[in-house]
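To keep things clear, I will list the structure first and then write my remarks on it.
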Amino acid sequence: MKIACTSTYLLQPCATTAKRPVLVYFHGGAYNNGSVNSMLYDGKRLCHRGDVVVVTVNHRLNAFGFLYLGAIDPKQFPDSGNVGMLDLALALMWVRENIAEFGGDPSRVLIFGQSGGGAKCATLMAMPSAHGLFHRVMTMSGQQVKGASIDIASKRTEIMRGKLGVTHANLGDLKTMPWEKIQAAAAATSSDWLPVVDGVVLSRDPFTPDAPPLSASVPMILGNVHDETAVPVRGTLTWDDAPVALRNAVAIYLGPYSAEEVIQKYRTIYPDKSPIDVVVAAATAFRAWPGQVLEAERRATNPASQPRTWSIR
């Protein structure tokens, strides 16, 4: 955890009686990778520009944070599929108890994040253990409409256990196994680790079938980065190559549309865009924006949250 409220990151409380708003940032990288140790997440400029206290948080990721073992041993590992999210809840508890020592107001805590960081905010909105620990939310290109079901999470666990050679009988070996071995198995198992709707930490999907009533009164701003979705392309992209590039980027999100249809439609709407610009725009529209629209619309159906919801596109 890093805290910024002066010209440098603070490692100890500061001598101040001010009560500034607190901004807690969760990094991107889905639930798989990332770190706030990057200078990209330096909070000094933001805290000076807005006269706020900025907190940035690391937490457990991929299998370390979301490997669901509850179906195997519910007594010993009931919340194992969400310990990465519980790390964030614990960080918010720390903020509530200690941030006043750093000039922050524990009654004005805003959580925000981009991409995976925004998704973590959405998940926290449906977690009873995080209720009351934050008072405002901002998400950017990061939505979490659904979590992983117990069935999907359990199948993922079985794949990973096979790669590690871990059985029901020696499940405890995971506690002493070198982290490098677990990390390698996690990467080989999935690039899409998610919070688990386990009935313990998460009793429901974050924004399905509706917005979480638990956070209906919490103000929320939703937005998207203009070109959120990365499109791996080598060399110069041509119109002939564009459908392949789009399929490689977001094939599972295209639904009933073919990549060729989407590219042609975008070329009609945006005749001046280059092939790479069209592919990035279409990929972002199919992958990043639908979740934002769903979350905003579902908040809008609740009279308590509708006037406290702002969607920016």
| request: Under the side chain to side chain donor-acceptor pair (under 3.5 Å) rule, what do Ser311 and Gln292 come out as? Steps first, then yes or no, please. | output: CA-CA 8 Å; Ser311 183; Gln292 176 201 348; 2.8 Å; yes
| request: Go through the steps for Phe66 and Met85 under the test side chain to side chain contact (heavy atoms under 4.5 Å, CB included), then give the verdict. | output: CA-CA 8 Å; Phe66 302 97; Met85 292 304 307; 3.7 Å; yes
| task | Could you give me the CA-CA distance, side-chain angles and deciding distance for Arg299 and Met125, then say whether side chain to side chain contact (heavy atoms under 4.5 Å, CB included) is met? | result | CA-CA 12 Å; Arg299 289 219 3 136; Met125 294 175 76; 3.6 Å; yes
| message | Using side chain to side chain contact (heavy atoms under 4.5 Å, CB included), reason through Val137 and Leu110 one step at a time and then give a plain yes or no. | response | CA-CA 6 Å; Val137 180; Leu110 179 148; over 6 Å; no
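Listed here is the closest heavy atom pair of Pro106 and Val95: CB-O, 4.5 Å. Smallest separation of non-hydrogen atoms from Ala186 and Asn62: CB-OD1, 3.9 Å. Considering every non-hydrogen atom in both Thr139 and Gly118, the closest pair reads CG2-O, 3.5 Å. Shortest non-hydrogen contact noted between Arg308 and Trp310 is O-CZ3, 3.2 Å. Of all heavy-atom pairs between Ile99 and Val53, the closest is CD1-CG1, 4.0 Å. Summarising the geometry of Gly147 relative to Asp205, their closest heavy-atom pair is N-OD1, 2.9 Å, with the distance given to 0.1 Å.
At a threshold of 4.0 Å, the pair Asp51-Arg20 counts as salt-bridged, since one of the basic side-chain nitrogens sits closer than that to a carboxylate oxygen. A salt bridge links Arg247 with Glu260; the closest basic N to acidic carboxylate O contact falls under 4.0 Å. Asp87 and Lys120 are not joined by a salt bridge, as no carboxylate oxygen comes within less than 4.0 angstrom of a charged side-chain nitrogen.
Connection of Trp239 to Ile269 is established within a shared hydrophobic cluster, with ILVMFWY side chains joined at heavy-atom distances below 4.5 Å, either directly or through further cluster members. Cluster annotation: Val244 and Ile252 are assigned to distinct hydrophobic clusters (Ile/Leu/Val/Met/Phe/Trp/Tyr, side-chain heavy-atom contacts under 4.5 Å, transitive). Residues Trp179 and Leu61 do not share a hydrophobic cluster, defined by chaining ILVMFWY side chains whose heavy atoms lie under 4.5 Å apart. Residues Val57 and Phe64 share a hydrophobic cluster, clusters being chains of Ile/Leu/Val/Met/Phe/Trp/Tyr side chains in contact below 4.5 Å. Grouping the Ile, Leu, Val, Met, Phe, Trp and Tyr side chains by contacts below 4.5 angstrom, directly or via other members, places Ile221 with Val54.
Looking only at distances, no side-chain donor or acceptor of Arg204 sits under 3.5 Å from a matching main-chain atom of Met127. Without hydrogens or angle criteria, Ser38 side chain to Tyr41 main chain gives no donor-acceptor distance under 3.5 Å. Between the side chain of Asn302 and the backbone N or O of Ala304, at least one donor-acceptor pair lies under 3.5 Å. Formation of a donor-acceptor pair under 3.5 Å by the Asp198 side chain with backbone atoms of Val201 is found in this model. When atom types are taken as modelled, the side chain of Arg267 and the backbone of Ser274 share no donor-acceptor pair closer than 3.5 angstrom. When atom types are taken as modelled, the side chain of Ser154 and the backbone of Ile150 share a donor-acceptor pair closer than 3.5 angstrom.
Counting only N and O atoms by type, the side chains of Asn37 and Ser35 include a donor and acceptor under 3.5 Å apart. A donor-acceptor contact closer than 3.5 angstrom is absent between the side chains of Asp151 and Ser149.
With sequence neighbours left out, Asp241 forms a salt bridge (Lys or Arg N to Asp or Glu O under 4.0 Å) with no residue at all.
Between Trp94 and Phe102, the distance from one ring center to the other falls under 6.0 angstrom.
Remark: of the listed residues Asp210, Thr309, Thr208, Thr208 is the sole one forming a side-chain hydrogen bond (donor to acceptor under 3.5 Å, both in side chains) with Arg298.
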Would you be so kind as to tabulate the donor-acceptor pairs closer than 3.5 Å made by side chains of residues 21-34, with sequence neighbours excluded?
from, atom 1, to, atom 2, distance (Å)
Tyr31, OH, Ala119, O, 3.3
Tyr31, OH, Thr123, OG1, 3.2
Tyr31, OH, Gln144, OE1, 2.9
Asn32, OD1, Trp193, N, 3.1
Asn32, ND2, Ser191, O, 2.4

With a 3.5 Å cut-off and sequence neighbours excluded, list the donor-acceptor pairs that the side chains of residues 156-168 form with protein atoms.
from, atom 1, to, atom 2, distance (Å)
Arg156, NH1, Asp192, O, 2.9
Thr157, OG1, Tyr68, O, 2.7
Thr157, OG1, Ala153, O, 3.0
Glu158, OE1, Arg161, NH2, 2.6
Glu158, OE2, Arg161, NE, 3.3
Glu158, OE2, Arg161, NH2, 3.0
Arg161, NH1, Val166, O, 2.9
Arg161, NH2, His168, NE2, 3.4
Thr167, OG1, Ala169, N, 3.3
Thr167, OG1, Asn170, N, 3.4
Thr167, OG1, Asn170, OD1, 2.8

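Remark: Lys273 NZ is packed, more than 12 non-hydrogen atoms of other residues, nucleotides or ligands lying under 6.0 Å away.
A distance of 14.0 Å separates OG of Ser215 from CZ of Arg136, quoted to the nearest 0.5 Å.
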